[in-house]
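Here the structure is a predicted model, which is why all the values come from computation and not from measurement.
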Number of protein chains: 2
Amino acid sequence: MNDIAEVRVATAADAQADVRTDTRTDARSRTDTRARIQQIAVELFTSRGYEGTSLREIAERLGVTKAALYYHFRSKEDIIQSLVEDYQGQMDALIDLARSEPRTAKTRREILDRYVDIVAERDQVFRMLHQNQAVLNTMASAVRTLKTAPRRLVDQLVEPDAPLRERARMMMVLGAISVGWMYLADQVPDRHELSEVVSGLASEFARCEPGLPG
Amino acid sequence: MNDIAEVRVATAADAQADVRTDTRTDARSRTDTRARIQQIAVELFTSRGYEGTSLREIAERLGVTKAALYYHFRSKEDIIQSLVEDYQGQMDALIDLARSEPRTAKTRREILDRYVDIVAERDQVFRMLHQNQAVLNTMASAVRTLKTAPRRLVDQLVEPDAPLRERARMMMVLGAISVGWMYLADQVPDRHELSEVVSGLASEFARCEPGLPG
DNA sequence: GTCTATATAACGATAGAC
DNA sequence: GTCTATCGTTATATAGAC
């Protein structure tokens with residue numbers, strides 16, 4: 001059950017394309033190098049930082065030269081962009097979902113549970129983002145919008161005229177989920193158990209457990 | 001009450017030295033340039049990242065050349081080290097305090113309140129740290145230990161054999177405080193009100209409000 | 001798809017004059 | 001305390017052969 005920690009960056013369209021065109025029997029598919037670059041990149045960006053990781057390092061781990069990377073990605077920023085695309089889409093979809101539902105305790109619990117799932121299933125990308133918050137400020141628009149996601153989500157979960165205390169509560173619940181997962185995921189053997197514990201506590205903090213008024 | 005957001009890096013010993021030796025009447029004290037470097041650095045490290053900020057940029061904002069910085073600091077890393085020293089000392093003291101007290105609800109509330117105070121009073125440095133988590137991995141020991149602070153603090157707040165749920169709860173409370181403060185501090189007019197709201201909610205999440213069993 | 005070779009630029013840091 | 005000048009290194013990115 002630890003494979004939910006994989007990099008998870010391919011889109012559904014990518015996967016379909018693979019199935020259609022990939023008739024080889026060897027293990028190395030046509031898009032495999034690209035995926036391996038992504039895997040190495042997410043690891044190095046997390047441990048040494050985006051700006052602290054050179055394309056030379058990535059290439060060396062892959063066993064190719066720096067120039068080869070430019071066949072698969074137009075730039076270094078293009079690599080990190082490809083890594084966060086899927087996560088970004090999931091977060092946008094979550095915010096849209098929250099927007100489309102009434103602001104009840106049930107909705108909040110549902111949204112929080114799904115947020116935990118998104119984080120847990122994209123563990124590596126999520127960690128990388130948290131380790132490289134500052135560099136996102138210097139990047140193109142698409143990546144930057146990630147930083148506003150928590151605020152946008154809170155806006156959909158509390159009433160527009162909610163008092164500070166309730167806005168703070170919801171923002172703190174999101175922080176509790178993020179940090180709780182980040183600091184505990186590599187310390188516990190069963191990540192599925194962890195995600196259920198985190199979900200449960202998040203709902204308790206948000207006061208939207210079954211039976212509570214919403 | 002917004003001046004609690006200032007950089008707050010000078011040590012008590014520094015301040016004493018200033019008082020003793022500084023008899024000039026002009027506004028520029030002997031250690032002022034060093035302090036101004038620190039102020040500019042913490043701003044740039046937060047917005048553009050540590051590795052994304054060059055010494056040339058810091059020097060330009062200060063109106064001097066790059067070389068002048070080396071009179072005040074031995075290296076770039078020495079600058080960030082000086083910035084986090086005070087925060088690090090406060091966190092170590094907090095963990096020691098938690099270690100010295102019994103694990104009661106009252107202790108937990110006291111520690112959480114003081115953690116909120118530390119964060120609120122060192123707002124700028126705290127933000128910078130959260131925006132540059134990855135680069136701390138590549139640095140010398142002193143700065144690195146900051147990353148273990150949350151875990152060490154949780155270890156002192158829950159029983160050694162506490163179940164996952166209670167360890168997760170306390171880690172999530174720390175995350176709630178950190179993220180809650182970071183995302184809300186520049187959105188609310190009264191930071192003192194915010195710190196009280198955050199403290200109150202943290203104690204509620206941790207189930208250590210007055211009247212609860214501990 | 002990957003290579004060699006290179007363009008171009010910026011970085012952190014130091015030497016030594018003033 | 002700040003300057004000019006520079007060293008040595010590394011970075012992202014591209015051109016063109018294979």
Engineer: Quickly work out the A:His72 NE2 to D:dA13 P distance and round it to whole Å.
Structural biologist: 16 Å
Engineer: Is there side-chain contact between B:Ile58 and B:Phe45, with heavy atoms separated by less than 4.5 Å?
Structural biologist: yes
Engineer: To the nearest angstrom, how far is A:Leu69 atom CG from D:dA13 atom P?
Structural biologist: 11 Å
Engineer: Got B:Leu55 and B:Ile79 here, is their nearest side-chain heavy-atom distance under 4.5 Å?
Structural biologist: yes
Engineer: Return the nearest nucleotide to the side chain of A:Leu55; candidates are D:dA13, D:dA15, C:dG12.
Structural biologist: D:dA13
Engineer: What's the CZ-P distance between B:Phe73 and D:dG1, to the nearest Å?
Structural biologist: 13 Å
Engineer: Any idea which heavy atoms bring B:Tyr183 and A:Arg151 closest together, and the distance?
Structural biologist: O-NH1, 2.7 Å
Engineer: Report the residue (A:Lys66 or B:Ala68) whose heavy-atom-nearest nucleotide on DNA chain D is the more 5′ of the two.
Structural biologist: B:Ala68
Engineer: Is B:Arg56 close enough to C:dG12 that one of its side-chain N or O atoms is under 4.0 Å from OP1 or OP2 there?
Structural biologist: no
Engineer: When the distance from CG of B:Leu62 to C1' of D:dC3 is rounded to whole Å, what number comes out?
Structural biologist: 14 Å
Engineer: B:Thr53 side chain N/O closer than 4.0 Å to the phosphate oxygens (OP1, OP2) of C:dC11?
Structural biologist: no
Engineer: Side-chain N or O of A:Ser75 less than 4.0 angstrom from OP1 or OP2 on D:dT14?
Structural biologist: no
Engineer: Tell me: CD of B:Glu60 to C1' of C:dC11, nearest whole Å?
Structural biologist: 14 Å
Engineer: Looking at B:Thr65, does any N or O in its side chain come under 4.0 Å of the phosphate oxygens OP1/OP2 on D:dC3?
Structural biologist: yes
Engineer: Starting from C1' on C:dC11, measure out to OH on B:Tyr50 and report it in whole angstrom.
Structural biologist: 12 Å
Engineer: OH of B:Tyr70 versus P of D:dC7: gap in Å, rounded?
Structural biologist: 17 Å
Engineer: Any idea which of D:dC3, C:dG1, C:dT4 is nearest the A:Tyr71 side chain?
Structural biologist: C:dG1
Engineer: Does A:Ser54 put a side-chain nitrogen or oxygen below 4.0 Å from OP1 or OP2 of D:dT10?
Structural biologist: no
Engineer: Just how far, in rounded Å, is P of D:dT12 from CG of A:Asp78?
Structural biologist: 14 Å
Engineer: Out of C:dT4, D:dT12, C:dA13, which nucleotide sits closest to the side chain of A:Lys76?
Structural biologist: D:dT12
Engineer: Under a 3.5 Å threshold, yes or no: a donor from one side chain and an acceptor from the other, between B:Tyr115 and B:Ser178?
Structural biologist: yes
Engineer: Working note: B:Arg48 + B:Glu57, criterion salt bridge (charged side-chain N to carboxylate O under 4.0 Å, His left out); need CA distance, chi angles, decisive distance, verdict.
Structural biologist: CA-CA 11 Å; B:Arg48 313 165 70 87; B:Glu57 285 176 289; 3.0 Å; yes
